[in-house]
Number of protein chains: 2
Amino acid sequence: MTDFKPKKWPKQARSRASFDAILEGAARLLRRQGYEALTTNRIAAEAGVGIATLYEFFPNKEAIVAELVARLMAKVEANMEEAFAEAVGQDPWPAVIHMTSRAVGSLAEDREVFHVLLRQVPFVPQLPVVMETRAALAALSQRVRITAAGALDLPMPEEDAWLISEMLYNAILEVAFLDVDEKKRAELTKELARLTYRMAVGRDPEAAGSVSR
Amino acid sequence: MTDFKPKKWPKQARSRASFDAILEGAARLLRRQGYEALTTNRIAAEAGVGIATLYEFFPNKEAIVAELVARLMAKVEANMEEAFAEAVGQDPWPAVIHMTSRAVGSLAEDREVFHVLLRQVPFVPQLPVVMETRAALAALSQRVRITAAGALDLPMPEEDAWLISEMLYNAILEVAFLDVDEKKRAELTKELARLTYRMAVGRDPEAAGSVSR
DNA sequence: ATATAATCCAAGTAATTGCTCGGAAAACTC
DNA sequence: GAGTTTTCCGAGCAATTACTTGGATTATAT
C-alpha cells in the first residue's frame, strides 16, 4: 500500500540539512499540535523549505513520520544494547533495574513526541522498527526468567513471557510519558523493575530468603 | 473546543432508529476500515440515512465516536460491576481471576471496534468515560493488595498500585484484542491474573506455603 | 382538522488536503 | 568552464472533507 521509505536520500550537505529540517519540523509540530494537525504543507513551512522540496525526498506524509520514528527508535535501541552489555554478568535484580531505567530514560528524552507517535498515530505500532523493539523486550523478559536463581516455574512459559513483555513495554511507555521530575521518574522506574521481577520470578527481589546465585 | 455530546436526543421511535443506525454504521466502518477512513458522509451512507439527518443529532464527527465509546463502555462497566459484586467475599486469587476474565471477556465481544477506538483514535483515551474506567481498575488493584492475606508490603503503595493498574489495563486490552479462540484467550487471561497477583502480593497464588485467609 | 413540532434529505459550498508542474539556481564532474 | 546532476520552490490542481441550506414529509397535540 503506502510506501514508508524516503524516495531519495540526500547526497549533498545542503539537501541533508533540508532533509533533517523536515524531520525536525515534523517532530516540533507533533509535539505542539498532535498528529491530527500534521499536514505536509505545514511541515514544509515549519521546516523552512518549499513543499516541493519535501516531496523531493518523501513520497508521502507517512514516510516522513516513519523516518522520524526510525531515527528516534535507533537512539533507543543503541541505548538498550549498551545497557544490555553492561547488565550481562550482573545479578538479575540489578540487571532488571538497569535495563528498565535505560528504557525509560531514553524514551523520556523525547517523551512528547514518542507519546504522540506511539499512542496517536494509527500505523506506527505496526512499523517494523517498533515491532522489533518490542520483540527485543520479549527476549529480555525470557532471559531474566531463566537466569533468576530459584525462580518459580510459570505454567505457560511462552505465554507468560509474552504477557510480561507486553505489560513491561506499556508500563515503560506510561512512566516515560509522565510529566514529572526526574527523581520521581526514577522512583517509579525502580518500582516498575520490582513489579517486573515479581512477575517473572514469583517473589520480591528484596524479600528475606531471596538470595541471588 | 470540540463538543462531544449529541446536540439533540431522538424523541420519537423513528428518529431513535436513525440515531442507532448512525452509531452502528460508524462501528461497522471502524471495524472494516479503521479511523482514518471514517467520514461523516460515509457514516450516513452506511447507516442508510441522509447526511443532514446525521447532523441533526450530532454536532460533528467526534461526537459520534464519543457516543459510540460511551455505549460500549457502559456495557463493560455494567459487566464489571456485576463481576465485582460476585467477587466480594471470594478469596483474593479466585476474585482476581474472576474480575480479569470479565474485563477481558466484555472487551473481546467487540474487540475490533475497541481496538480501533482505544488505540487509533487520538482523543478517545482522554474521554471522561474511558478515564473513569481506568480509575475503577486502579481502585480494584488497591483493594486486592490490601485484602490479600499475608501480602508483602510494597515500598511505595500508591505508586505501585498505579503501576499495577496501568499494566493490568494495557494487558487486558492486548489479550482482548488478540485474534485467538476463546480457549486460548481464557488461558492467557488466567496467566494474566496470575502475574497480576504476583505483582500485588509478591508470590505465586498457587505456590506452596501460600494459604488463603 | 389544523397547527405545531419532529424528522428527514440530497444537492451544494467553502475550506483543506496531499501532491504535481515547470523551471530556476546551485553544486559537482571533467 | 561546459555539461550534468542535484537541489530548490511556490502557484495551483484535483480530490476530499466537514458541514449548511431550504424545504418536504411525518408524527403529535388540541
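Sequence lines set the chain letters: A, B, ... in the order given, protein chains first and strands last, and positions in each chain run from 1. Reckoned from all heavy atoms, side chains included, excluding hydrogens, waters and symmetry mates. In this text the structure is predicted, and so the values were computed from the model without any measurement.
- At a cut-off of 3.5 angstrom, the base of C:dC19 holds no donor-acceptor pair with the side chain of A:Asn60.
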What string of B, S and - do you get for nucleotides 20-30 of chain C, 5' to 3', when a contact is any protein heavy atom under 4.0 Å? BB----SSS--
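- Five base pairs at each end of the helix from C:dA1-D:dT30 to C:dC30-D:dG1 define two local axes, and these are offset by 20° (rounded to 10°).
- In this structure, B:Glu187 has no side-chain hydrogen bond (donor to acceptor under 3.5 Å, both in side chains) partners at least two apart in sequence or on a different chain.
- Take A:Asn170 and apply the side-chain hydrogen bond (donor to acceptor under 3.5 Å, both in side chains) test, not counting sequence neighbours, and it matches A:Arg119.
- At the heavy-atom level, B:Phe19 lies nowhere under 4.0 Å from the strands shown.
- The number of heavy atoms from other shown groups lying within 6.0 Å of NZ (A:Lys5) does not exceed 12.
- Atom P of nucleotide C:dA6 and atom CH2 of B:Trp9 are separated by 16 Å, given to the nearest angstrom.
- Within the 4.0 angstrom heavy-atom criterion, only backbone atoms of the sugar-phosphate kind lie near A:Leu38; the bases stay farther away.
- Considering only residues two or more places apart in sequence or on other chains, B:Pro155 meets the side-chain contact (heavy atoms from CB on, under 4.5 Å) condition with A:Glu191, A:Arg194, B:Asp160.
- In this view, B:Glu82 and B:Glu86, B:Arg102 satisfy the side-chain contact (heavy atoms from CB on, under 4.5 Å) rule, not counting sequence neighbours.
- To the nearest angstrom, P of C:dA11 lies 12 Å from CG of B:Asn41.
- Under the rule for a side-chain hydrogen bond (donor to acceptor under 3.5 Å, both in side chains), B:Arg31 has no partner lying at least two apart in sequence or in another chain.
- At a threshold of 4.0 angstrom between heavy atoms, the contacts of A:Arg42 are confined to the sugar-phosphate backbone, with no base atom among them.
- A straight line from NZ of B:Lys8 to C1' of C:dT7 spans 7 Å, rounded to a whole angstrom.
- Residues satisfying the side-chain contact (heavy atoms from CB on, under 4.5 Å) criterion with A:Glu81, sequence neighbours excluded, are absent altogether.
- With sequence neighbours excluded, the residues forming a side-chain hydrogen bond (donor to acceptor under 3.5 Å, both in side chains) with A:Glu46 are A:Arg28, A:Arg32, listed by chain and number.
- Under the ring-ring contact (aromatic ring centres under 6.0 Å, His included) criterion, A:Trp162 pairs with no residue at all, not counting sequence neighbours.
- Close approach of DNA chain D to chain A, defined as any atom under 4.0 Å from a non-hydrogen atom of the protein, starts and stops at D:dT6 to D:dA11.
- Comparing B:Ser15 and A:Thr40 along DNA chain C, the residue whose closest nucleotide (by nearest heavy atom) sits nearer the 5' end is B:Ser15.
- When the salt bridge (Lys or Arg N to Asp or Glu O under 4.0 Å) test is applied to A:Glu182, the partners found at least two apart in sequence or on another chain are A:Arg185.
- Proximity of the aromatic rings of A:Phe19 and A:Trp9 is defined here by a centroid distance below 6.0 angstrom, and this criterion is met.
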